[in-house]
**Q** 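Dropping the structure in here first, questions after.
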Amino acid sequence: MSIVIAIDGPAGSGKSTVSREVARRLGLEYLDTGATYRVGALYCLREGVDLTKIDDVTAMVATMNVQMRLDPSNPHVILDGEDVTALLHTDTISLVVSAVATNLDARAVLRDVQRRLIDASRERAGVVVEGRDITSVVAPDAEVRVLLTASEEVRLVRRTGDGADPATVRESVLGRDQKDSTVVQFHTAADGVVEIDTSDLTLDEVVDAVLTLAKEAGA
Ligand code: DC
């Protein structure tokens, strides 16, 4: 039996680290749906497309040649044969990616891409999928649906590494969430979604909580 574990949450909620670890422990694949929005933004920037032009951005996203490698120990995004994984989490992309994420037509295209990847994973062992609208829109039929939350303060601290500019971090965490929450709800759990407030929990505690839910669901 295969399993799909959907994990949503805002920036800094810990969902990437938790999702990858859960996937590793259960021998599942790992899909970072945020990466699909990020690679769309990168492609538009490279091709000189104005990110405010809804139709132009949608056309780019619909025709981009992207491959996602779903290994949780080594996830990769390949654009036109080039490994662009390391470019996707730079400030350049983090500060503009909401322009793609708030474009409803581009979202529809990327949602189909994400669903195809999830369906393919279902033919294998299954997948842990992280994002903002996985539990509610992309895979509401997932066997396990979790919303990770954390206080603003904790989320900012988690994203402020050594030398990071606090104003940039603030914009790329809170500013981005604010923009994104105009098109997708990820601060409150939909019906049947288990909310875990990670503010006072260690990574291991959150991973254990998700693993317990996965076992209950038959993983
Ligand atoms: O999780 P992340 O920071 O890599 O996400 C990148 C952007 O994409 C962010 O602005 C939120 C958006 N996003 C989304 O709207 N829906 C998803 N399922 C995943 C990400």
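The residues of the chain are indexed from 1 along the displayed sequence. Both counts, for ligands and for their atoms, begin at 1 and track the order of listing.
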**Q** Need the ligand 1 atom indices (1-based, order shown) with element for anything under 4.0 Å from a heavy-atom of Val97.
**A**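 Answer for ligand 1: 7 (C), 10 (O).
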
**Q** Identify, for atom 1 (O) of ligand 1, the protein heavy atom at the shortest distance, and state residue, atom and that distance.
**A**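 Ranked first by proximity to atom 1 (O) of ligand 1 is Arg132 NH1, 2.9 Å.
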
**Q** With a cut-off of 4.0 Å, which atoms of ligand 1 are near a heavy atom of Arg38?
**A**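 Taking each heavy atom of Arg38 in turn, ligand 1 has 2 (P), 3 (O), 4 (O), 6 (C) under 4.0 Å.
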
**Q** Mind checking whether Lys179 has a heavy atom under 4.0 Å from ligand 1?
**A**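 No heavy atom of Lys179 comes that close to ligand 1.
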
**Q** Name the closest protein heavy atom to atom 5 (O) of ligand 1, giving the residue it belongs to and the distance to 0.1 Å.
**A**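 Checking every protein heavy atom, the shortest distance to atom 5 (O) of ligand 1 gives Gly34 CA, 3.5 Å.
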
**Q** State the atoms of ligand 1, each with its element, that fall below the 4.0 Å cut-off from a heavy-atom position in Ala101.
**A**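 That gives atoms 8 (O), 12 (C), 15 (O) of ligand 1.
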
**Q** Considering only protein heavy atoms, which is closest to atom 9 (C) of ligand 1, and at what distance to one decimal place?
**A**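 I find the closest protein heavy atom is Arg176 NH1, 3.0 Å.
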
**Q** Please say yes or no: joined through hydrophobic side-chain contacts below 4.5 Å, possibly via intermediate residues, are Tyr30 and Val207 part of one cluster?
**A**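 They do not share one cluster, since no chain of ILVMFWY contacts under 4.5 Å joins Tyr30 to Val207.
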
**Q** Going by salt bridge (Lys or Arg N to Asp or Glu O under 4.0 Å), Arg107 matches just one of Asp133, Asp180, Asp112. Which one?
**A**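 So, applying the salt bridge (Lys or Arg N to Asp or Glu O under 4.0 Å) to Arg107 and each of Asp133, Asp180, Asp112, only Asp133 qualifies.
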
**Q** With sequence neighbours excluded, what pairs up with Ala125 under the side chain to side chain contact (heavy atoms under 4.5 Å, CB included) test?
**A**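 Per chain and number, Ala125 pairs via side chain to side chain contact (heavy atoms under 4.5 Å, CB included) with Leu28.
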
**Q** What heavy-atom pair brings Val183 and Ala101 nearest, and what distance separates the two atoms?
**A**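 Closest approach of Val183 to Ala101: CG2-O, 3.5 Å.
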
**Q** For atom 15 (O) of ligand 1, what's the nearest protein heavy atom and its distance?
**A**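 Heavy-atom neighbour on the protein nearest atom 15 (O) of ligand 1: Arg107 NH1, 2.7 Å.
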
**Q** Enumerate the atoms of ligand 1 whose separation from the nearest heavy atom of Asp133 is less than 4.0 angstrom.
**A**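 That gives atoms 16 (N), 17 (C), 18 (N) of ligand 1.
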
**Q** Numbering the atoms of ligand 1 from 1, which are under 4.0 Å from a heavy atom of Ser98?
**A**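 Taking each heavy atom of Ser98 in turn, ligand 1 has 10 (O) under 4.0 Å.
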
**Q** Report the residue from Val129, Val109, Thr33 that forms a side-chain contact (heavy atoms from CB on, under 4.5 Å) with Gln114.
**A**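 The passing option is Thr33.
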
**Q** For atom 11 (C) of ligand 1, what is the nearest protein heavy atom, given as residue, atom name and distance?
**A**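 Answer, as residue, atom name and distance: Asp180 OD2, 3.0 Å.
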
**Q** Could you list the residues that satisfy salt bridge (charged side-chain N to carboxylate O under 4.0 Å, His left out) with Glu171, not counting sequence neighbours?
**A**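 Lys179.
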
**Q** Are side-chain N/O atoms of Thr202 and Asp204 paired as donor and acceptor at under 3.5 Å?
**A**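 Judged by distance alone, the side chains do not pair up.
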
**Q** When only distance counts, is Thr33 in polar contact with ligand 1, meaning an N/O pair under 3.5 Å?
**A**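 Between Thr33 and ligand 1, an N or O pair is found under 3.5 Å apart.
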
**Q** Which atoms of ligand 1 have any heavy atom of Lys15 under 4.0 Å away?
**A**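 Near Lys15, meaning under 4.0 Å from one of its heavy atoms, ligand 1 has 1 (O).
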
**Q** Applying side-chain contact (heavy atoms from CB on, under 4.5 Å) between Leu148 and each of Thr198, Val194, Asp197, report the one that passes.
**A**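 Passing option: Thr198.
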
**Q** Looking just at side-chain N and O atoms, do Ser16 and Glu130 make a donor-acceptor pair shorter than 3.5 Å?
**A**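 Indeed, the side chains of Ser16 and Glu130 share at least one donor-acceptor pair under 3.5 Å.
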
